[in-house]
Amino acid sequence: MTTLAIIGGTGLSQLTTLNNPRSEAINTPYGNPSAEFIIGEIQNKSVVFLARHGNPQAIPPHKINYRANIWALKHLGVQNIIAVAAVGGITPEMIPASLAIPDQIIDYTYSREHTFFDGIEGNVTHIDFTYPYCQKLRAGLITAAKTANLHVSPIGTYGCTQGPRLESAAEITRMERDGCDLVGMTGMPEASLAKELGLNYAALAVMANWGAGKTAGEITMAEIEENLHHGMVNTAKLLQSFIAAY
Ligand code: HPA
């Protein structure tokens, strides 16, 4: 059986359901990952957990060492990654506290170390990125949601911004015109690095708020925390259901 990894984002810095957990620190040629990896079992299946922003949460999205995180997961023998991410909702279905399984991505980030193939070894490699997310893992998440009687948006385009600031209302309007359904700060280069190393990767997006300008007034941290609190309850149920069928 292939090992599953869960990368936890804002609102998910621990996986309390892991049995027999042990921590492992891994140094990589790219530096240190965000945190120690917590390795254990859920329903007798081997699961690796990583807190993307560190535990306690301290690393902002643009400072995350995505290459070290993905390299270390590969080193641990992980084949499948479910990446949980807090995001803002842009299109009408992406209601705060709801869940989505994105199927596409647009990268608005800059200045991040975003590839393992930077020409140092003299070879130029261009991975295919037509379908950024693993269709099989996405289908598994959608089925798991049905089994657990949870509503998820089964598709959506994730727009990844640089952060750490939230967007202006005009930026969200532009992203919507571009075709984005939701906006987050950590989906890239995580997804493409996983693909570069041949790992299967799917995202589970949790709506923390409406994107800037979608409601009157400004976005508050209090509303983000409140929505994430609710969204994470269903995230935990969905992950349990997914792992039961894994
Ligand atoms: N924008 C970008 N990233 C986010 C947001 C947002 O509105 N909410 C949670 N992560």
Side-chain angles (χ1 to χ4, degrees), residues 3-19 21-24 33-43 45-61 63-66 69-70 72-73 76 78 80-89 94-102 133 137-138 140-141 144-145 148 150-153 156 158 160 163-164 182-188 190-191 194 199 201-209 221-244 246:
T3 302
L4 175 70
I6 294 171
I7 302 180
T10 302
L12 186 70
S13 50
Q14 294 181 43
L15 207 57
T16 49
T17 47
L18 264 185
N19 295 315
R22 64 181 173 90
S23 333
E24 193 165 327
S34 296
E36 292 191 349
F37 293 81
I38 314 295
I39 304 168
E41 292 115 44
I42 300 178
Q43 301 170 49
K45 285 140 198 171
S46 169
V47 176
V48 177
F49 179 79
L50 175 67
R52 185 190 283 115
H53 296 279
N55 188 17
Q57 177 157 335
I59 312 168
K63 292 265 181 76
I64 291 167
N65 192 339
Y66 295 96
N69 289 350
I70 297 296
L73 287 174
L76 283 168
V78 163
N80 295 318
I81 302 173
I82 303 294
V84 179
V87 300
M94 304 298 168
I95 298 164
S98 71
L99 307 180
I101 318 292
Y133 299 107
L137 285 180
R138 290 186 56 255
L141 285 168
L150 296 167
H151 173 75
V152 293
S153 300
Y158 178 130
C160 188
L182 41 104
V183 53
M185 301 175 191
T186 57
M188 286 295 287
E190 202 172 77
L199 302 181
Y201 178 99
L204 171 53
V206 188
M207 305 309 140
N209 53 282
M221 284 313 289
E223 77 177 275
I224 289 182
E225 275 160 29
E226 163 89 14
N227 292 322
L228 279 183
H229 180 72
H230 291 298
M232 286 304 163
V233 173
N234 286 340
T235 298
K237 287 186 193 158
L238 179 42
L239 289 176
Q240 280 296 113
S241 169
F242 178 83
I243 292 166
Y246 187 74

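For the single chain, residues carry numbers from 1 onward in sequence order.
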Original post:
Does S34 reach the main-chain N or O of R52 with its side chain, forming a donor-acceptor pair under 3.5 Å?
Top reply: yes

Subject >> For the student: nearest non-hydrogen atoms of F49 and L12, plus distance >> reply: CZ-O, 3.4 Å

**OP:** Please lay out, stage by stage, how M207 and L99 fare under the test side chain to side chain contact (heavy atoms under 4.5 Å, CB included).
**Re:** CA-CA 6 Å; M207 305 309 140; L99 307 180; over 6 Å; no

Original post:
Quick check: does any side chain N or O of N227 sit under 3.5 Å from a backbone N or O of A97, one acting as donor and the other as acceptor?
Top reply: no

Subject >> Residues F242, L204; criterion side chain to side chain contact (heavy atoms under 4.5 Å, CB included); working and verdict >> reply: CA-CA 12 Å; F242 178 83; L204 171 53; over 6 Å; no

Original post:
Residues two or more places apart in sequence or in another chain: which of them pass side chain to side chain contact (heavy atoms under 4.5 Å, CB included) with Q240?
Top reply: T17, I42, Q43

Subject >> Heavy-atom closest contact (S13 atom, N55 atom, distance) >> reply: O-ND2, 3.6 Å

**OP:** May I ask you to test the L239-Y246 pair for a side-chain heavy-atom distance under 4.5 Å?
**Re:** no

Subject >> H229 and E225 side chains, donor-acceptor separation under 3.5 Å >> reply: no

Subject >> From CE (M188) to SG (C160), nearest 0.5 Å >> reply: 7.5 Å

**OP:** Could you grab the distance from atom OG1 of T16 to atom CD1 of I38, nearest 0.5 Å is fine?
**Re:** 12.5 Å

Subject >> Reported CD1-to-CG distance for the pair I70 and N65, which is rounded to 0.5 angstrom >> reply: 10.5 Å

**OP:** Check the pair I6, I243 against side chain to side chain contact (heavy atoms under 4.5 Å, CB included), reporting the backbone distance first and the verdict last.
**Re:** CA-CA 11 Å; I6 294 171; I243 292 166; 4.0 Å; yes

Subject >> Residue pair V152 / L141, side-chain heavy-atom distance below 4.5 Å >> reply: no

Original post:
What residues, two or more places apart in sequence or in another chain, satisfy salt bridge (charged side-chain N to carboxylate O under 4.0 Å, His left out) together with E24?
Top reply: R22

Subject >> Note, M221 side chain near I224 side chain (heavy atom, < 4.5 Å) >> reply: yes

Original post:
Roughly how far, to the nearest 0.5 Å, is CD1 of I101 from CG of L238?
Top reply: 5.5 Å

Subject >> Close side-chain approach of P33 and N69, heavy atoms under 4.5 Å >> reply: yes

Subject >> Nearest heavy-atom neighbours spanning G11 and Q57 >> reply: N-OE1, 4.2 Å

Original post:
If you look at every heavy atom in V78 and A5, which pair is closest and at what distance?
Top reply: CG1-CB, 3.6 Å

Subject >> Closest contact, heavy atoms only, F37 versus A72 >> reply: CZ-CB, 3.4 Å

Subject >> Closest approach of L182 to A205 (non-hydrogen atoms, all atoms of both residues) >> reply: CD1-CB, 4.3 Å

Subject >> Polar side-chain atom of H53 near backbone of A58 as donor-acceptor pair, under 3.5 Å >> reply: no

Subject >> Rounded distance [0.5 Å steps], CD1 in I81 versus CD1 in I7 >> reply: 5.0 Å

**OP:** List the steps and the verdict of side chain to side chain contact (heavy atoms under 4.5 Å, CB included) for H151 and N234.
**Re:** CA-CA 9 Å; H151 173 75; N234 286 340; over 6 Å; no

